[in-house]
Peer 1: 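Following this message is one structure expressed as C-alpha cells.
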Amino acid sequence: MAQTPQQRRANAKFVKDQDARRGKSEADRQARSKEVQKATISPIWLILLGFVVFGGVFFEVLQRIFWR
C-alpha cells in the first residue's frame with residue numbers, strides 16, 4: 001500500500017527528530033522538550049463550545065427577564 005503525502009511528511013518528521021536525538025544525553029533531550037506546545041484544540045472550537053455551554057444560560061436569563 002502506497003503512502004499518502006501526509007504519511008510521508010509525518011515519517012520524514014519522525015526520522016528527522018530521531019536523528020536529532022541520536023547521541024545526546026537524556027538531559028539534553030529534556031531541555032529540548034520544554035519548547036512551546038501547540039494547543040490541543042483550536043480557538044474556533046473553544047468559542048463554539050463556549051457559545052453552546054454559556055449561550056444557553058444567556059438565552060435562558062433573557063427569556064426569564066423579558067418573557068415572564
Peer 1: Quick check on the hydrophobic clustering: are L48 and F58 connected, directly or via other members, by side-chain heavy-atom contacts under 4.5 Å?
Peer 2: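 Each belongs to a different hydrophobic cluster.
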
Peer 1: With sequence neighbours excluded, what pairs up with E60 under the side chain to side chain donor-acceptor pair (under 3.5 Å) test?
Peer 2: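 Testing E60 for side chain to side chain donor-acceptor pair (under 3.5 Å), a comparison that skips the adjacent residues, returns R64.
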
Peer 1: Applying salt bridge (Lys or Arg N to Asp or Glu O under 4.0 Å), which residue pairs with at least one partner in residues 43-59 are found, sequence neighbours left out?
Peer 2: none

Peer 1: Is there a path of hydrophobic side-chain contacts, each under 4.5 Å between heavy atoms of I, L, V, M, F, W or Y residues, that connects I65 with F59?
Peer 2: yes

Peer 1: Please give me the minimum heavy-atom distance between Q3 and R8, naming the atom from each residue.
Peer 2: O-NH2, 2.9 Å

Peer 1: Starting from I44 and following side-chain heavy-atom contacts under 4.5 Å between hydrophobic residues (I, L, V, M, F, W, Y), which residues can be reached?
Peer 2: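 When side chains under 4.5 Å apart are linked, I44 ends up in no cluster with other residues.
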
Peer 1: Please determine if R22 and D19 form a salt bridge, counting it only when a charged side-chain N lies under 4.0 Å from a carboxylate O.
Peer 2: yes

Peer 1: Measure the spacing between CZ of F51 and CG of L46 and express it to the nearest 0.5 Å.
Peer 2: 15.5 Å

